[in-house]
Every structure is written in C-alpha cells, then in structure tokens.
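What follows is a single structure, written as structure tokens, with notes after it.
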Amino acid sequence: MTDENEVVLEITEDDLASTDLIGPKIAALARLREDIAAAEYEDGAVKLRYHSGGEMTLDLGNVLTFLRQAPDGQAVMDYLDNALTEPSDDAGYLLPVLKGPDYIETVRAQLRDAGMPDDQPLPFWYQPLRTGLNVILMQDTPQMMRSVSEEELNAAGLDLDSARQQAMQDLARYCHERDLQVGVIDDKLFQLQLDGNYEASTYFLSGLWDDIQDEFGAPPAALFAARNVVIYANTADAAAMRLLNILAAPEGEAPAYAIAPHQILFWTDDGWSLQPAGTAPGLPH
C-alpha cells in the first residue's frame with residue numbers, strides 16, 4: 001500500500017505539460033482521501049464526489065497555472081490538498097474582481113471627501129495590473145458582498161499568495177456552479193454570460209482564454225466593458241475585429257458598472273496585453 005501511494009503522489013515536472021497527463025494523477029490522489037467517495041478525470045477536469053453527498057468539478061486549466069509556479073514539491077502537494085477539500089457552503093466565495101483604471105483614485109477621492117487623510121491605507125487590498133486595470137478580492141456570501149483587506153486575509157490565516165490561489169479556485173467553482181455560457185452577437189462577436197456580477201472576473205481564467213484561443217486557432221481580443229459585459233472576438237477575423245472596435249469607440253456610451261468600455265485587450269502567451277504581441281514587464285497580468 002505504501003509503495004503504491006508513493007507512486008500515485010509523485011507529481012513530476014513532465015506531468016505539468018498538460019491536463020491529460022496530470023488529470024489522472026490528481027484523480028488518483030483524490031481517491032486516497034477519506035473525505036472523497038469518487039474521483040474521475042474527464043475533458044480537462046476532475047469530477048469529485050464527497051462522502052457528504054456534495055460534488056465539485058476541479059478545472060485543471062487553472063490548477064496547472066498555479067502548479068507550474070509552485071516553488072517545490074511540498075508547495076504542489078499543499079496546493080492540491082487545499083484544492084481537493086470540499087468547499088464549505090457557509091464560507092461563500094473569495095473572488096478576484098476586475099476594476100477600471102480610475103477605480104483606486106476615485107475611492108481615494110471619496111474617502112478624502114469623507115475626511116480620511118491621504119496617507120492612510122485604503123480599507124481593502126488591491127493590485128494594479130499591467131493592462132492599467134486593477135484587481136481586488138471580494139468575499140461573496142449569501143448575506144453580503146464586500147471587498148477584503150490584507151489584514152482580514154491574514155486574520156483568516158491566508159497570506160496574499162494563498163488568498164490569490166483560493167480566489168482562483170473559488171472563481172472556477174463559481175463559474176461551474178452558475179454554468180458560464182457564451183452568447184453570439186451577429187455571428188461574429190461572443191459574449192460571456194454568468195450572473196450579472198462576475199462576468200468580468202473571467203479575465204483571470206487563463207484556462208478559459210487558452211481554450212478560446214485553441215477553438216479560434218488564433219488569439220482572442222476582448223472588451224471588458226463592465227462587470228457584466230465581456231465581449232470578445234477572433235483576432236484573425238477582420239470583420240469581427242471591426243465590430244469590436246466599433247463597440248469600443250470612445251463616443252459610445254459607457255455601461256453601468258463600467259470597467260474599461262473603450263479598451264480592447266489582447267490575449268497572448270503571457271496573459272492579457274494592450275497590444276497583440278509583446279508584454280510589459282514588472283506587473284502581473
């Protein structure tokens with residue numbers, strides 16, 4: 001039994017080449033756990049059934065993104081242990097939320113008007129992205145939705161790396177449970193449809209955009225116009241790109257909960273960029 005487990009638990013660098021290589025190993029790892037009744041790998045995901053009766057689908061495209069960045073084997077196993085743990089209904093979701101380029105300064109101005117000194121830290125964690133946008137973390141429960149601070153994350157036993165990992169896991173779970181869909185506009189443009197609140201958070205699902213690129217046979221370009229408006233096109237389709245540029249025209253009316261209604265972003269091998277090729281160093285994507 002011990003020897004068999006050691007073989008199953010060994011995740012090698014070669015396994016990180018594709019979901020088809022690592023998927024069966026993660027499923028085998030899951031079946032060794034006392035809390036999991038069944039685990040099967042299929043089509044880039046591991047489907048889990050817990051003894052409690054709960055079920056979860058683990059999207060391996062996003063799992064691979066983190067495993068490839070793990071510093072060592074122990075970090076890999078710690079991440080997988082957390083990823084395979086049954087989510088708690090009471091805990092809700094910790095989700096990455098995309099915000100526009102002016103969001104931070106707007107909040108600072110509002111707090112300044114309310115009497116808060118300029119040198120006082122903002123009451124929530126945020127990070128600028130190389131596309132000029134920003135990301136915050138949102139705690140979403142049946143009772144409320146609210147942004148969280150680094151101090152709150154630390155109090156919950158999460159450093160920033162762990163919080164980011166949990167947010168990505170929760171986002172993949174959230175999209176699966178709410179059945180992320182794709183609508184078609186004029187047979188040329190595509191719109192992501194989720195729940196009206198977190199469509200723009202799909203910005204962070206690299207596995208999703210890699211799949212779209214594979215389907216197109218070319219990189220996608222996207223307009224993250226608002227929190228519930230994400231429209232994308234095939235960059236190899238000139239007519240589709242003309243339509244996307246029309247939608248992004250500066251004279252167009254900005255939608256409610258606008259993020260970047262006039263900025264087209266391009267998917268690259270290194271994530272989102274302001275240009276179809278090349279990246280800007282120094283900031284996350």
Side-chain angles (χ1 to χ4, degrees), residues 19 26 43-48 54-70 79-100 103 124-127 129 131 133-142 144-148 150 152-153 156 158-182 191-213 220 222 224-230 232 257 259-260 265 267 271-272 284-285:
T19 57
I26 292 179
D43 296 332
V46 173
K47 298 180 179 180
L48 304 168
E55 296 183 353
M56 182 176 75
T57 298
L58 193 62
D59 184 337
L60 297 188
N62 296 301
V63 169
L64 272 177
T65 298
F66 285 107
L67 294 187
R68 287 166 178 162
Q69 299 171 359
Y79 175 84
L80 290 176
D81 180 63
N82 185 48
L84 293 170
T85 299
E86 183 176 13
S88 168
D89 291 337
D90 296 334
Y93 306 87
L94 181 67
L95 298 172
V97 173
L98 192 65
K99 293 293 185 180
Y103 177 75
F124 56 86
W125 175 85
Y126 76 95
Q127 185 176 41
L129 305 171
T131 52
L133 305 180
N134 295 277
V135 58
I136 68 172
L137 293 179
M138 187 79 71
Q139 187 71 45
D140 188 315
T141 70
M144 62 182 175
M145 296 165 55
R146 66 179 185 86
S147 56
V148 296
E150 187 172 352
E152 289 176 291
L153 295 172
L158 293 172
D159 58 26
L160 286 178
D161 285 341
S162 298
R164 292 187 191 99
Q165 290 180 5
Q166 180 178 324
M168 291 301 300
Q169 293 172 27
D170 284 2
L171 177 60
R173 175 166 63 95
Y174 189 95
C175 290
H176 173 73
E177 291 175 353
R178 281 155 180 77
D179 195 20
L180 177 64
Q181 297 286 323
V182 177
Q191 182 169 2
L192 295 177
Q193 300 167 346
L194 186 59
D195 66 347
N197 291 313
Y198 292 110
E199 277 83 354
S201 292
T202 57
Y203 176 103
F204 303 101
L205 291 177
S206 58
L208 169 68
W209 296 103
D210 283 341
D211 287 346
I212 290 171
Q213 178 171 265
F224 292 88
R227 75 181 189 189
N228 63 335
V229 181
V230 178
Y232 65 94
Y257 306 107
I259 295 176
L265 301 181
W267 186 246
W272 291 109
H285 55 267

By side-chain contact (heavy atoms from CB on, under 4.5 Å), which residues pair with Asp159, not counting sequence neighbours?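 Expected list: Asp161, Ser162.
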
Supply the atom-to-atom distance [X] [atom1] to [Y] [atom2], rounded to the nearest 0.5 angstrom.
X: Asn228; Y: Asp195; atom1: CG; atom2: CG; value: 9.0 Å
X: Leu137; Y: Glu150; atom1: CG; atom2: CD; value: 10.0 Å
X: Ile136; Y: Arg146; atom1: CD1; atom2: CZ; value: 11.5 Å
X: Leu129; Y: Leu98; atom1: CG; atom2: CG; value: 6.5 Å
X: Leu194; Y: Asp179; atom1: CG; atom2: CG; value: 9.0 Å
X: Gln193; Y: Leu180; atom1: CD; atom2: CG; value: 9.0 Å

Side chains of [X] and [Y]: closer than 4.5 Å at any heavy-atom pair?
X: Arg227; Y: Tyr198; value: no
X: Ile259; Y: Tyr103; value: no
X: Met56; Y: Gln169; value: no
X: Val135; Y: Trp125; value: yes
X: Ile212; Y: Tyr232; value: yes
X: Gln139; Y: Met145; value: no
X: Thr57; Y: Val46; value: no
X: Tyr126; Y: Lys99; value: no

If we ignore hydrogens and angles and just use 3.5 Å, is the side chain of [X] paired with the main-chain N or O of [Y] as donor and acceptor?
X: Thr19; Y: Leu60; value: no
X: Trp209; Y: Thr202; value: yes
X: Trp272; Y: Tyr203; value: yes

Heavy-atom closest pair, residues [X] and [Y]:
X: Ala163; Y: Leu153; answer: CB-CD1, 3.8 Å
X: Ala200; Y: Ala226; answer: CB-O, 3.6 Å
X: Cys175; Y: Leu205; answer: SG-CD1, 3.8 Å
X: Ala167; Y: Pro96; answer: O-CD, 3.5 Å

Go through the side-chain N and O atoms of Asp140 and Tyr174 and say whether any donor and acceptor fall under 3.5 Å apart.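 Distance-only check fails for Asp140 and Tyr174.
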
Regarding Tyr93 and Glu177, is there a side-chain donor-to-acceptor distance under 3.5 Å anywhere?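 Present: a donor and an acceptor within the cut-off.
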
Working for side-chain contact (heavy atoms from CB on, under 4.5 Å), residues Gln165 and Asn82: CA-CA 9 Å; Gln165 290 180 5; Asn82 185 48; 5.6 Å; no

Steps toward side-chain contact (heavy atoms from CB on, under 4.5 Å) verdict (Gln127, Arg164): CA-CA 11 Å; Gln127 185 176 41; Arg164 292 187 191 99; 3.6 Å; yes

side-chain hydrogen bond (donor to acceptor under 3.5 Å, both in side chains) with Asp211: which residues, sequence neighbours excluded?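 Expected list: none.
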
Which residues share a side-chain hydrogen bond (donor to acceptor under 3.5 Å, both in side chains) with Asn134, sequence neighbours left out: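 Partners of Asn134 under the side-chain hydrogen bond (donor to acceptor under 3.5 Å, both in side chains) test: none.
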
Any ion pair linking Arg178 and Glu199 (charged N to carboxylate O, less than 4.0 Å)?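 No salt bridge links Glu199 with Arg178.
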
